[in-house]
Amino acid sequence: MSKKNYFISTNLEFNIDKKNKQILAGGWCINNHKKDNLQKHDVLENFWRNKKKYNSYYKYLQKLSLIYSKRLSFYLNSFHKKKLSVNFWKIILMPWLTIYLPVYYYRWLAVKKILKRKDTINFYDLYNLKKNNIYADTFDFHTKTASNKYINYNIFYSLMKHHQVKNNRIIFHKKKLLNYDKKINLKENKLFYYLFSFYNKILNRILYFFYHRNKIFIEKAVFPIRNNIEMNLKLNQIPTYPNDTFNNSFGYTGLYKYNKINLVKRRSFNLGKKVKTDTFIKYIDSVIRDDIPKCFVEGFDNLCNFSEKIKFKPKIILSSYYHYFNELFKVWTAHLVERKKTKLFIVSHGGGSYLKNPSCLNFETEVADIKINWHRSKKKKEIQLPASKFFNFRKTKSLKKNSICYVEGPVSPYPSRIGDQIIDNGSPMLNSEFLKFFKKIYKPLKKQFIFIPSSNYGVDTTINLKNDLKLRQIKENKSFKKYKHTSRLNILNYPQTAFFESLMIAPTILLYKKNDWVFDKEFLNFYKKFVKHKIIFHDPIKAAKHVNFISNDINGWWNSKVIQSIIKDFLDHTCVVSNFSLEIWSNSLKTQFSKVND
């Protein structure tokens, strides 16, 4: 009897029946243990790593994010009986859309891929699992889709049901999900929220007394604490640290998370003017109204009412983090921009924006009046200023630089934004490039290595390293900051913020698969120089040979005139650090304020 083909979307279905042939949607279908090696299974490709199609995927999703920002503007205006502009809704919606659309598109591509096979595709219907996903806000959607197996199963289930209508080769098999707790989302204490809300209303009145004269609102996360205080004082303002009224990066979730979702009302409003559609757009049209986070629908009035109580009205709003996930901040900002009283300036909070195709689909340039980058840019709305994260940077001289530090890039179990993370659930394949590299390192040198993991959502990314590294060599998660000053060589597998930090303090090597990260065309000349002078490697064996070769005099290699000249030039173009950063920033903000005030 021939084996049936079963499409496995998450690890919920993986152990139901291993006798049949399994087609895995991704490495996340296997829990992190050695006996289930990915190489033994039929696993679909990582679509964000398909560089032949990646650019077309990116442009398509970028286009869709603009289309749906307009369509949802019409929808939400109808729902709330408002007449707010598309630009108003873009500030609020685009951070969510640039996650939502890639989440669904990746899984859409996976289902389309298996349907190209000629055989019948079987899928488990876990009938006792609740099939409706409910999201409170942008961050809730982001974390659930990047980490939650139940949420991801439901998305795949919805896609398979959608395709079954026109494809009789999809067959569902009912199975009861064992050990399923229907009360996964525990109710929180509403009394605490109401007391907390009352406290913040009083606090806002007090803060208004201090902040109402501030002409430039500086989100407290834009600069380190000391620099926030110094910058505001330079501008003759009250510092927004320690409390800028918005409750840090995620805001007051209690304003909307207790609202009940009303699917009947949601579905009674249409998405407005129809656009030229394809099959993916038709599918999104059928599900997006149910998926919109509550903060934009049932909880929106609460956000508006609370934002009206924030009385200070600056001419410029400076944001680095809040415009992503702080829903109250976004609503407050959008209203001020809508009334044409305020300009929104967005500040880069990390060092990856010099790369081609940033994972946020460049929505920041779309919603900001001015985008302040770490890197040089020729775009009209963008300017370069010293990196706000490194205002207090000082090169520390350490007497004991005795370790070689390998820094892992961020790892998440499920795909979320387009192309910005390693997708893995701790499989043996995750560390394969590192182990190829490490096994070629000279034996005495291996003792100097420490491994710094960068796991998100509880994925154990080190379980497969314990045969090759001693436990003392595997450090705490995301602890580069702790060990960076004792390292005589840093090896990273991703070229973002930690890469810049490393370049400024120690000899640095980048090791990653070719095309996993692509420099923007304006910076390709640096990429070529980095490869030529052995700062970037795509082959772990060649990287190991280089480390062995320079191991007796790493500083001699790093401090050569040609290497230092390349590094200085690269940092000048992509991450300026200056002893006069405070003066440069304050002068620039004063200039921008005078333009806004004209």
Side-chain angles (χ1 to χ4, degrees), residues 11 14 24 26-41 43 46 49 146-147 401-414 421-484 486-496 498-499 502 506-513 516-517 537-548 551 554:
N11 59 15
F14 181 70
L24 308 187
W28 58 81
C29 295
I30 299 178
N31 285 326
N32 42 13
H33 49 75
K34 286 187 176 181
K35 66 180 181 180
D36 283 315
N37 196 318
L38 277 179
Q39 291 177 321
K40 298 177 182 177
H41 295 277
V43 186
N46 180 340
R49 293 291 182 250
S147 66
K401 292 205 170 196
N402 52 13
S403 64
I404 296 176
C405 190
Y406 184 91
V407 186
E408 179 182 63
V411 180
S412 297
Y414 296 94
Q421 76 279 318
I422 301 165
I423 305 164
D424 201 287
N425 204 23
S427 76
M429 296 299 292
L430 174 62
N431 308 119
S432 60
E433 293 297 296
F434 168 73
L435 290 174
K436 286 177 190 175
F437 163 80
F438 189 69
K439 285 174 180 178
K440 294 295 181 180
I441 294 293
Y442 290 155
K443 192 172 181 179
L445 207 56
K446 286 182 178 180
K447 295 177 182 178
Q448 298 179 26
F449 268 77
I450 61 173
F451 185 95
I452 297 179
S454 184
S455 165
N456 293 318
Y457 314 112
V459 176
D460 186 350
T461 66
T462 65
I463 195 168
N464 300 296
L465 297 176
K466 290 165 187 176
N467 287 338
D468 298 276
L469 294 171
K470 293 181 179 179
L471 286 177
R472 63 176 175 77
Q473 292 179 280
I474 300 173
K475 300 303 182 181
E476 309 92 306
N477 192 42
K478 299 181 180 179
S479 57
F480 179 55
K481 188 175 181 179
K482 180 178 178 180
Y483 296 101
K484 64 185 180 181
T486 58
S487 175
R488 65 193 192 101
L489 174 65
N490 294 321
I491 302 159
L492 299 91
N493 70 354
Y494 67 112
Q496 295 185 307
F499 174 56
S502 181
T508 302
I509 287 174
L510 265 177
L511 172 59
Y512 61 91
K513 288 182 179 179
D516 274 5
W517 305 94
F537 287 89
H538 303 306
D539 183 333
I541 310 300
K542 290 181 179 179
K545 286 181 179 178
H546 177 62
V547 172
N548 289 335
S551 59
I554 293 174

key: With sequence neighbours excluded, residues passing side-chain contact (heavy atoms from CB on, under 4.5 Å) with Ser455   = Val459, Thr461, Asn477
request  = Give a yes or no on whether the backbone of Pro507 and the side-chain of Arg488 come within a donor-acceptor separation of less than 3.5 Å.
outcome  = no
query = Of the non-hydrogen atoms in Ala146 and Tyr457, which two are nearest, and what is the gap between them?
reply = CB-CE1, 3.7 Å
ask   = Mind checking whether Ile452 and Cys405 have side chains closer than 4.5 Å, heavy atoms only?
value = yes
query = Within a strict 4.5 Å, meaning less than it, do heavy atoms of the Val411 and Asn456 side chains meet?
reply = no
Steps toward side-chain contact (heavy atoms from CB on, under 4.5 Å) verdict (Leu24, His41) = CA-CA 7 Å; Leu24 308 187; His41 295 277; 3.8 Å; yes
key: Centroid separation Tyr494 to Tyr512 less than 6.0 Å   = no
ask   = About how many Å separate NZ of Lys513 and CD1 of Ile422, when rounded to the nearest 0.5 Å?
value = 10.0 Å
ask   = Quick check: does any side chain N or O of Gln448 sit under 3.5 Å from a backbone N or O of Ser403, one acting as donor and the other as acceptor?
value = no
ask   = In this structure, are over 12 heavy atoms from other groups packed under 6.0 Å from Lys545 atom NZ?
value = no
query = Who are the side-chain hydrogen bond (donor to acceptor under 3.5 Å, both in side chains) partners of Asn11, not counting sequence neighbours?
reply = Asn31
request  = Find out whether Ile474 and Lys466 are in side-chain contact, i.e. whether some heavy atom of one side chain is under 4.5 Å from a heavy atom of the other.
outcome  = yes
inquiry  = The criterion is side-chain hydrogen bond (donor to acceptor under 3.5 Å, both in side chains); which residues satisfy it with Lys542, sequence neighbours excluded?
reply    = none
key: Contacts of type side-chain contact (heavy atoms from CB on, under 4.5 Å), residue Asn46, not counting sequence neighbours   = Trp48, Arg49, Tyr106, Ile423
Side chain proximity check, Leu489 to Val547, heavy atoms < 4.5 angstrom = yes
query = Hey, do the aromatic rings of Phe437 and His546 have their centres closer than 6.0 Å?
reply = no
inquiry  = Just verifying a value: how many Å separate Asp539 CG and Leu511 CG, rounded to the nearest 0.5 Å?
reply    = 8.5 Å
request  = Rounded to the nearest 0.5 Å, what's the gap from CG on Asp468 to NZ on Lys446? Could you check?
outcome  = 7.0 Å
Side chain Glu408, main chain Asn431, donor-acceptor under 3.5 Å = no
message = The criterion is side-chain hydrogen bond (donor to acceptor under 3.5 Å, both in side chains); which residues satisfy it with Lys475, sequence neighbours excluded?
response = none
task = State the NZ-CD1 distance between Lys447 and Ile441, to the nearest 0.5 angstrom.
result = 15.0 Å
key: Which atom of Gly27 lies closest to which atom of Val43, heavy atoms considered   = N-CG1, 4.1 Å
Summary of salt bridge (Lys or Arg N to Asp or Glu O under 4.0 Å) pairs that have at least one residue in residues 430-442, sequence neighbours excluded = Glu433-Lys436
task = For His538, enumerate each residue passing the side-chain hydrogen bond (donor to acceptor under 3.5 Å, both in side chains) test, keeping only those at least two apart in sequence or located in another chain.
result = Tyr527
Ser487 side chain to Ile404 backbone, donor-acceptor under 3.5 Å = no
request  = Please lay out, stage by stage, how Leu465 and Leu435 fare under the test side-chain contact (heavy atoms from CB on, under 4.5 Å).
outcome  = CA-CA 8 Å; Leu465 297 176; Leu435 290 174; 3.8 Å; yes
inquiry  = List the residues meeting side-chain contact (heavy atoms from CB on, under 4.5 Å) with Tyr442, not counting sequence neighbours, and say none if there are none.
reply    = Pro444, Leu445, Asn548
ask   = Taking all atoms of both residues into account, what is the closest heavy-atom pair of Ser147 and Pro413, and its distance?
value = CA-CG, 3.9 Å
query = So Phe438 and Phe449, would you call those rings parallel, tilted or perpendicular, with 30° and 60° as cut-offs?
reply = perpendicular
task = Please list, chain by chain and in numerical order, all residues satisfying ring pair (Phe, Tyr, Trp, His ring centres under 6.0 Å) with Tyr406, sequence neighbours excluded.
result = Phe434, Phe451
note = In this structure, CG of Asn493 is separated from CZ of Phe537 (nearest 0.5 Å) by 15.0 Å
ask   = By side-chain contact (heavy atoms from CB on, under 4.5 Å), which residues pair with Ser502, not counting sequence neighbours?
value = Phe480, Asn490, Leu492, Thr508
